[in-house]
Amino acid sequence: MPNPVSPASAARRRTVIDALRRGAVPDSGLDLLATGLGRFEAALDAELDAVASGGSVFKAVRGEYGSGKTFFTRWLGERAKRLGFAVAEIQVSETETPLHKLETVYRRLTERLTTASFPPSALRPIVDAWFYALEEDALAAGASEEELTDEVERLLTARLAEVSRHAPSFATALRGYRAALTEGDEATAAAVLAWLGGQPHVAAAARRSAGVRGDLDHFGALGFLQGLLTVLRDSGHRGLFVVLDEVETLQRVRSDARDKALNALRQLIDEVHSGRFPGLYLVITGTPAFYDGQQGVQRLAPLAQRLATDFTTDPRFDNPRAVQLRLPGFTPESLVSLGVTIRDLYAAGAAAPDRIRALADDAYVADLAGAVGGALGGKVGVAPRLYLKKLVGDVLDRIDQFDDFDPRQHYKLTVINSELTDVERNSAAATSADDIELDV
């Protein structure tokens with residue numbers, strides 16, 4: 001069942017509604033929509049607290065298309081951000097972000113890094129806050145203004161001592177960044193920070209001035225991640241929440257690249273569990289076929305062993321502390337329940353909330369859910385995105401703007417091929433009707 005619609009600011013409500021109108025998962029405000037996630041909250045909050053205390057967690061989320069994997073990870077990321085975590089969501093893809101190239105994954109992480117105070121990329125404000133914290137610590141320890149530069153250097157070396165064992169260039173680049181700022185050389189400072197964020201093709205002159213060379217590689221990326229976690233912790237953040245979304249795309253890449261990616265994933269899991277990354281909560285998402293099929297996790301036996309989870313029992317008894325979480329997906333009832341939640345959220349910001357609730361009453365919301373499901377071959381599991389898009393953009397917006405619009409009289413659900421995703425299109429192919437009449 002959905003949570004009762006909680007009081008929400010106009011900005012939060014608008015962010016959610018605008019995203020649904022576009023057929024997208026909102027970036028924020030997901031607590032307003034969360035349905036059926038209460039059973040996960042206690043275990044996941046305990047894990048976030050453990051990570052904030054210096055632990056690390058790896059989690060795998062499984063669910064079919066439409067089961068809400070992206071929604072779930074953004075909802076969990078919002079909870080992490082409220083606890084003081086930095087957050088990064090990364091879409092795994094063969095061309096843009098291949099998982100077997102961890103230097104690219106690290107680069108995407110820094111590009112998408114966000115905090116409660118700063119949008120992506122939050123790398124620079126985080127680094128600046130870190131140097132400010134070092135200065136404050138040095139002054140609190142009794143350093144004079146004349147001694148401050150040397151004392152900050154000593155603290156930098158001490159704080160990054162463990163990181164420097166694996167990636168000495170991380171600390172070197174930070175020194176180069178600070179030196180460029182001190183000299184008023186903004187262009188060099190920005191270039192060095194870009195290099196620190198894993199960006200390739202940074203100007204050779206900037207790299208020379210900072211005392212670093214080349215581009216970040218696969219192994220250096222793990223050391224840089226370790227360094228980033230240290231900087232986050234010392235600048236006041238309690239941890240880093242990272243999502244690797246749509247990992248199932250690995251099933252479609254060349255076999256050699258797939259094997260490298262699966263091994264990189266195994267390496268990441270082992271490093272997380274070894275304690276190398278204190279303050280990291282790492283989540284991957286994928287379909288059951290990825291976890292259970294021979295083109296996915298099962299292709300690499302050590303990885304399969306690490307992700308093995310018992311899903312033979314009733315889903316009611318799934319263990320939310322396990323390494324894998326199963327999202328059961330939507331039923332007709334839960335889809336209607338979500339629609340009612342959206343309707344009430346929309347009405348709370350509408351000029352005529354009573355008319356919204358009267359014309360899009362619970363019965364109509366249920367009829368629309370059934371019609372969209374029917375248009376997609378009866379597969380309710382793939383219907384939520386399209387259903388919410390139609391509910392907001394085709395029905396609620398019109399009721400809100402036109403006094404004489406009645407969806408039962410003036411609206412006929414139409415599903416056109418170009419507005420569907422590939423999975424939705426395949427489901428819709430099961431039916432021959434392009435226009436689905438609402439049964440009202």
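The residues of the chain are indexed from 1 along the displayed sequence. Here the structure is a predicted model, which means the values were calculated and not measured.
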- Message: Over 60° means perpendicular and under 30° means parallel, so tell me whether Phe72 and Phe40 are parallel, tilted or perpendicular.
- Response: perpendicular
- Task: Quick one: which residue pairs count as a side chain to side chain donor-acceptor pair (under 3.5 Å) with a foot in residues 196-207, not counting sequence neighbours?
- Result: Glu111-Gln199
- Task: Compare every heavy atom of Phe241 with every heavy atom of Phe85, then report the nearest pair and how far apart it is.
- Result: CD2-N, 4.0 Å
- Message: Test of understanding: with side chain to side chain donor-acceptor pair (under 3.5 Å), list the residues that count as partners of Thr104, not counting sequence neighbours.
- Response: none
- Message: For Gly275 versus Ser56, what's the shortest heavy-atom pair and its separation?
- Response: CA-OG, 4.4 Å
- Charged N-O contact under 4.0 Å between Glu89 and Lys81: no
- Query: Of the non-hydrogen atoms in Arg21 and Asp397, which two are nearest, and what is the gap between them?
  - Reply: NE-OD2, 2.6 Å
- Is it true that Arg79 and Asp31 have a side-chain N and a carboxylate O under 4.0 angstrom from each other? no
- With Phe170, which of Val212, Thr230, Leu196 fulfils side chain to side chain contact (heavy atoms under 4.5 Å, CB included)? Leu196
- Task: Please tell me if the side chains of Asp49 and Leu83 come closer than 4.5 Å, counting only heavy atoms from C-beta onward.
- Result: yes
- Item | Lys260 and Asp256 ion-paired at < 4.0 Å | no
- Give, for atom CG of Asp217 and atom NZ of Lys101, the distance between the pair rounded to the nearest 0.5 Å. 12.5 Å
- Query: Just wondering, do Arg22 and Asp18 contact through their side chains at under 4.5 Å, heavy atoms?
  - Reply: yes
- CZ/Arg39: more than 12 non-hydrogen atoms of other groups inside 6.0 Å: yes
- Message: For Ser93 and Gln91: C-alpha separation, side-chain torsions, deciding distance, then whether side-chain hydrogen bond (donor to acceptor under 3.5 Å, both in side chains) applies.
- Response: CA-CA 6 Å; Ser93 74; Gln91 299 292 323; over 6 Å; no
- Task: Using a strict 4.0 Å threshold on nitrogen-to-oxygen distance, state whether Lys69 and Glu248 make a salt bridge.
- Result: no
- Counting only heavy atoms not in Tyr132, do more than 12 fall under 6.0 Å of its OH? no
- Run the salt-bridge test on Arg74 and Asp27 with the 4.0 Å N-O cut-off and return the result as yes or no. yes
- Message: Quick check on the 6.0 Å ring-centre criterion: do Trp195 and Phe224 meet it?
- Response: yes
- Taking the side chain as every heavy atom from C-beta outward, state whether Ile17 and Leu396 have any pair of such atoms under 4.5 Å apart. no
- Indicate yes or no: at least one non-hydrogen side-chain atom of Val61 is less than 4.5 angstrom from one of Val243. no
- Query: What are the two closest heavy atoms between Tyr177 and Val127, and how far apart are they?
  - Reply: CE2-CG1, 3.7 Å
- Message: Taking the basic N atoms (NZ, or NE/NH1/NH2) and the acidic carboxylate oxygens, is any pair closer than 4.0 Å for Arg62 and Asp318?
- Response: no
- Under a 4.5 Å cut-off applied to non-hydrogen side-chain atoms, are Pro98 and His100 in contact? yes
- Message: Any carboxylate oxygen within less than 4.0 angstrom of a Lys/Arg side-chain nitrogen, looking at Arg82 and Asp45?
- Response: no
- Item | Residues that Ser164 engages under side chain to side chain donor-acceptor pair (under 3.5 Å), provided they are two or more places apart | none
